[in-house]
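Since this is a predicted model, take the numbers as computed values, not measurements.
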Amino acid sequence: MENNYFPVNPELFKEEAPKELAAKIYYAYVDSIEKIDGVTYLRLDCIVKNKIDTMDISKESIVGLPSIVLDISGSHNFINDLFKISGVYSIYNYESNWVVISTSLKQGKIIINEFFNFVHVGEQSPSDFYSIDSITKNEELDQQSKLKINQIIKATTLEESNNDEIKIFIERNPLNDFAHVNVYNVGQGNCNALVDSSNLPLLYFDVGGGSGANKSTYPANFKLCHSNNPQVILSHWDLDHIVMAVSDPMLLRTKWLVPVQSSLSNTAIQIARALQRNNNLICWNSSLGSLLQFGNHYIAKCYARINNKNSSGLCLYVNYKMKDYVLLSGDATFRYVPPLSFKHNLIGLVASHHGAKSGIRGMPVANFPRMLVYSFGRDNTHRHAHYIARNEYNRQGWGNGLETQNGSIAITSGLINLNPPCGDSLGGCSLSVTQQF
């Protein structure tokens, strides 16, 4: 396996990765937490502490810092102990928060993969001699560290765009030629597109894929299609929903409509600031409410608090005909997704959070033809799609569904043209569709 699994855009990240692991102290953003079958999976997006302590952090000075990601897995009890959690308090309360961590080169009880600018540091397999000694939460920090974290939060928090900018984004995406939704095989991540009858993308919903410890699930040399200059609606700021922007400069040159959530990770804010420099970042305005009409479609702003990253972002109800819709859910738990009225039929669904059991509460009931898609990577570390989630989708009438690990999927039937719009043989995009309902 190649160590650097796709080329990193130098516009975003310039420093070369170290060849060896080193004991360091980091300011770390708790990017994602998932508990499955006795194991906690944790992603920390880090900034070297002694570097930040000598800087005056601002929206300008934070630009250009390297992406340092630690993908961690270990027993619930051990990771709870690291966070000093006791009683009924949940580790999920720390998601989207900043902490200070201390690492060391010694044998530990957790598995850690470190990625510096998306290059695996050290051996390809997780090191047995790399450990986290301590995690210090905000309330336990000294005043200087608290001040720095407050500066980081201020520099990594987006501001709402005015409604006119959002209106222009919608007007520039008329989608008159829309035919159906494609869900692409991007490994352990999510990338959907509203396409025309030739499979030409008109609009992307998420541009993510396998990354970090799941980088092996990302298809080699995967390329998007930019023939129609499609813009992007982003569900939320998780790495596996934005990572294509790291390697595809064209994505930084198109408009993105994004949710405003609590402080972003360092990696996410580097992408956001690059979009902002190109005047391509459009941030949701809370005055728009929970459902915004988008042609015949609807953008849904999820209900959860902004520090619940998965369930405070954007979803998309895509209109097929009359009152029939397909829901693109990102990672949102269904109970936080604003529903359409009872007069609308939900005929298709991309499973929430790659088929995680955490997303199934409030799942909508299926209507014919009950088209369900799971977007996940083969042998992913999170064990998606989870059997409890699969059982609930079945119980709500969605059936077994199709899986992107077996190839990209058209949420429709009877397609004549399954070929990618640019053509693989011509060195174009990789958007072949191999499955349909």
Side-chain angles (χ1 to χ4, degrees), residues 11-13 27 29-32 45 47 52 55-65 67 95-98 138 146-173 204-208 231-239 241-242 245-246 251-292 294 299-316 330-332 336 338:
E11 183 179 347
L12 292 171
F13 305 108
Y27 290 109
Y29 177 84
V30 184
D31 199 28
S32 66
D45 200 315
I47 307 173
I52 290 297
M55 293 173 58
D56 183 21
I57 298 299
S58 66
K59 287 177 167 59
E60 293 74 32
S61 65
I62 203 167
V63 172
L65 292 176
S67 168
E95 194 167 49
S96 302
N97 287 317
W98 287 87
N138 191 274
K146 286 183 179 180
L147 175 62
K148 285 298 175 183
I149 284 180
N150 287 337
Q151 289 179 350
I152 293 169
I153 290 172
K154 187 175 181 180
T156 57
T157 299
L158 301 177
E159 297 177 358
E160 294 182 351
S161 298
N162 64 59
N163 288 349
D164 287 342
E165 290 181 89
I166 298 169
K167 181 180 178 182
I168 291 170
F169 177 92
I170 288 174
E171 290 174 348
R172 286 179 176 173
N173 285 276
Y204 288 114
F205 181 79
D206 288 346
V207 283
Q231 302 187 75
V232 176
I233 294 179
L234 181 66
S235 65
H236 68 301
W237 287 97
D238 268 357
L239 186 57
H241 293 249
I242 60 175
V246 170
L251 284 173
L252 301 179
R253 293 170 175 77
T254 193
K255 300 287 185 185
W256 289 40
L257 177 62
V258 306
V260 174
Q261 302 183 287
S262 60
S263 171
L264 302 186
S265 71
N266 174 54
T267 302
I269 202 64
Q270 301 302 323
I271 293 171
R273 295 297 179 221
L275 287 165
Q276 204 165 37
R277 290 194 298 274
N278 294 334
N279 295 314
N280 284 328
L281 185 68
I282 303 169
C283 300
W284 183 264
N285 191 300
S286 55
S287 69
L288 294 169
S290 58
L291 286 170
L292 178 65
F294 181 31
I299 302 170
K301 173 62 175 68
C302 297
Y303 293 137
R305 294 179 298 173
I306 59 173
N307 64 336
N308 181 340
K309 190 166 38 168
N310 288 349
S311 296
S312 63
L314 304 177
C315 294
L316 196 58
D331 284 359
Y336 293 114

Inset, instruction - Mind checking the CG-OG spacing from N308 to S262? Nearest 0.5 Å is all I need. - result: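 Reported to 0.5 Å precision, the distance equals 9.0 Å.
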
Inset, instruction - Sorted by first residue and then second, give each salt bridge (charged side-chain N to carboxylate O under 4.0 Å, His left out) pair with at least one member in residues 255-281; sequence neighbours left out. - result: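 Non-adjacent pairs meeting salt bridge (charged side-chain N to carboxylate O under 4.0 Å, His left out): zero.
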
Sequence-distant partners of [X], side chain to side chain donor-acceptor pair (under 3.5 Å), two or more places apart:
{"X": "D31", "value": "K309"}
{"X": "S287", "value": "N163, N285"}
{"X": "Q231", "value": "none"}
{"X": "K148", "value": "Q151"}

Holding to side chain to side chain contact (heavy atoms under 4.5 Å, CB included), I want the full list of residues that pass it with [X], two or more places apart in sequence or in another chain.
{"X": "N97", "answer": "Y94"}
{"X": "K146", "answer": "N138, L141, Q143"}
{"X": "I168", "answer": "R172"}

Can you name the residues that form a ring-ring contact (aromatic ring centres under 6.0 Å, His included) with [X], not counting sequence neighbours?
{"X": "W98", "result": "Y29"}
{"X": "Y204", "result": "none"}
{"X": "F13", "result": "F118"}
{"X": "H236", "result": "H241"}

Legend entry - Residue pair N266 / I152, side-chain heavy-atom distance below 4.5 Å: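 In short, these two side chains do not touch, never coming nearer than 4.5 Å.
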
Inset, instruction - Indicate yes or no: at least one non-hydrogen side-chain atom of N173 is less than 4.5 angstrom from one of I233. - result: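 Not in contact.
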
Legend entry - Taking every non-hydrogen atom, the tightest pair across V246 and L12: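 Looking at all heavy atoms of both residues, the closest pair is CA-CD1, 3.8 Å.
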
Legend entry - Minimum heavy-atom distance between P259 and W284, given as atom pair plus value: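 Looking at all heavy atoms of both residues, the shortest contact is CA-CB, 4.2 Å.
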
Legend entry - Any donor-acceptor N or O pair under 3.5 Å, side chains D206, S235: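 The criterion, which ignores hydrogens and geometry beyond distance, is satisfied for S235 and D206.
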
